[in-house]
Amino acid sequence: MVQRFEGRVAVITGGASGIGLASARRLASEGAKVVIGDLTPDSGKAAADEIGGAFIQTDVTDAEQVENLFHSTVEQFGSVDVAFNNAGISPPEDDSILTTGIEAWERVQRVNLTSVYLCCKAVLPHMQRQGRGSIVNTASFVAVMGAATSQISYTASKGGVLAMSRELGIQFARENIRVNALCPGPVNTPLLKELFAKDPERAARRLVHVPVGRFAEPEEIAAAVAFLASDDASFITASQFLVDGGISGAYVTPL
């Protein structure tokens, strides 16, 4: 495989499973030294050991722990060239606005949106000193579309990630720091399986709207992460990068 990240260091939050783990494997396979920031020590360390990287236990909603994640990475490896801010949740109690309580709303906002703010705030000074960097923030196709089967706080949080990424991409463009929002469609991850296993009807309602007729595999999203993070995307910043199987472009899907 092409070694696009030889000599570069990538930090991935939520890197112990799903899209984060697939991306850690992909970037490592292309030469990156990968640091995984995750709340779960067992799976986080196992993931880091598998790819020859490092693990730093991190609660992404805690500003001091996020600062430590990036500071420790620079201390140990000398730089942080890529930040994939990917940690997120989608709990079942986040549903219609009519039934979602304020506690569920705030928890999802903290993990999905505030954490991205904290990660960007912490990593940008390091990238400014280096004179380069690529930040990829996980948003979602729901940031650009509406759904009748709502997860109101999740949707709002991802819209926030998209808007923040766009603004940061513009603000830091002339400092050679790129910021993009990755907008995946439904992905075959443990998070999605848990959500849809509890509600097969909701799963069926969503799958019928995917033109390619299936959910994405984590490795397909990881390929997009690797592209956005690499120099192949050197003229791409402040973008909403949709990897959604055609959902956002569809009016009627194929039979």
Identify, with sequence neighbours excluded, every residue that meets side-chain hydrogen bond (donor to acceptor under 3.5 Å, both in side chains) alongside [X].
X      : value
Ser72  : Asn68
Asn137 : Asn85, Ser165
Asp62  : none

Rounded to the nearest 0.5 Å, how far apart are [atom1] of [X] and [atom2] of [Y]?
X      : Y      : atom1 : atom2 : result
Met145 : Ser140 : CE    : OG    : 10.0 Å
Gln57  : Asp59  : CD    : CG    : 9.0 Å
Phe172 : Arg174 : CZ    : CZ    : 14.5 Å
Ser248 : His209 : OG    : NE2   : 13.5 Å
Glu50  : Leu21  : CD    : CG    : 6.0 Å
Lys33  : Glu6   : NZ    : CD    : 10.5 Å

### Residue pairs involving residues 101-121 (criterion salt bridge (Lys or Arg N to Asp or Glu O under 4.0 Å); sequence neighbours excluded)
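Every pair satisfying salt bridge (Lys or Arg N to Asp or Glu O under 4.0 Å) with a residue in residues 101-121: Glu93-Arg107.
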Looking at [Y], is its backbone amide N or carbonyl O close enough to the side chain of [X] to form a donor-acceptor pair, meaning the two atoms are under 3.5 Å apart?
X      : Y      : answer
Thr13  : Ala87  : yes
Ser150 : Ala147 : no
Thr58  : Asp38  : no
Lys158 : Thr138 : yes
Asp95  : Thr99  : no
Asp81  : Ser134 : no
Glu219 : Ala22  : no
Asn180 : Ile236 : yes
Gln130 : Pro125 : no
Ser115 : Thr61  : no

Using the salt bridge (Lys or Arg N to Asp or Glu O under 4.0 Å) criterion, which residues pair with [X]? Sequence neighbours excluded.
X      : result
Arg178 : none
Glu220 : Arg214
Glu175 : none
Arg129 : none

Say whether [X] and [Y] are linked into one hydrophobic cluster, either directly or through other cluster members, by side-chain heavy-atom distances under 4.5 angstrom.
X      : Y      : answer
Ile177 : Val80  : yes
Ile221 : Val116 : no
Val142 : Val212 : yes
Val11  : Val179 : yes
Val243 : Val136 : yes

### Query
Does a sphere of radius 6.0 Å around CZ in Phe227 hold more than 12 heavy atoms from other residues, nucleotides or ligands, not counting ones at 6.0 Å or beyond?
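Buried by this count: over 12 neighbours within 6.0 Å.
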### Query
If you draw a 6.0 Å radius around CD in Gln128, do more than 12 non-hydrogen atoms from other residues or ligands fall strictly inside?
yes
Within-4.5 Å side-chain heavy-atom neighbours: [X] and [Y]:
X      : Y      : answer
Val108 : Pro91  : yes
Arg8   : Leu27  : no
Val144 : Gln240 : yes
Leu124 : Ile135 : yes
Ser157 : Val111 : no
Leu228 : Leu182 : yes

### Message
As a quick check of understanding, evaluate side chain to side chain contact (heavy atoms under 4.5 Å, CB included) for Arg4 and Asp232, giving each step before the final call.
### Response
CA-CA 9 Å; Arg4 291 183 292 184; Asp232 287 342; 2.9 Å; yes
Of the non-hydrogen atoms in [X] and [Y], which two are nearest, and what is the gap between them?
X      : Y      : answer
Gly133 : Met127 : CA-SD, 3.7 Å
Ser23  : Ile12  : C-CD1, 3.9 Å
Leu162 : Ala181 : CD1-CB, 3.7 Å
Asn112 : Gly88  : OD1-CA, 3.1 Å
Pro184 : Ile19  : CG-CD1, 4.3 Å
Gly245 : Pro211 : O-CD, 3.2 Å

Please give the remaining members of the hydrophobic cluster of [X], linking ILVMFWY side chains under 4.5 Å, ordered by chain and number.
X      : result
Ile152 : Ile97, Leu98, Ile102, Trp105
Leu39  : none
Ile170 : none
Val208 : none

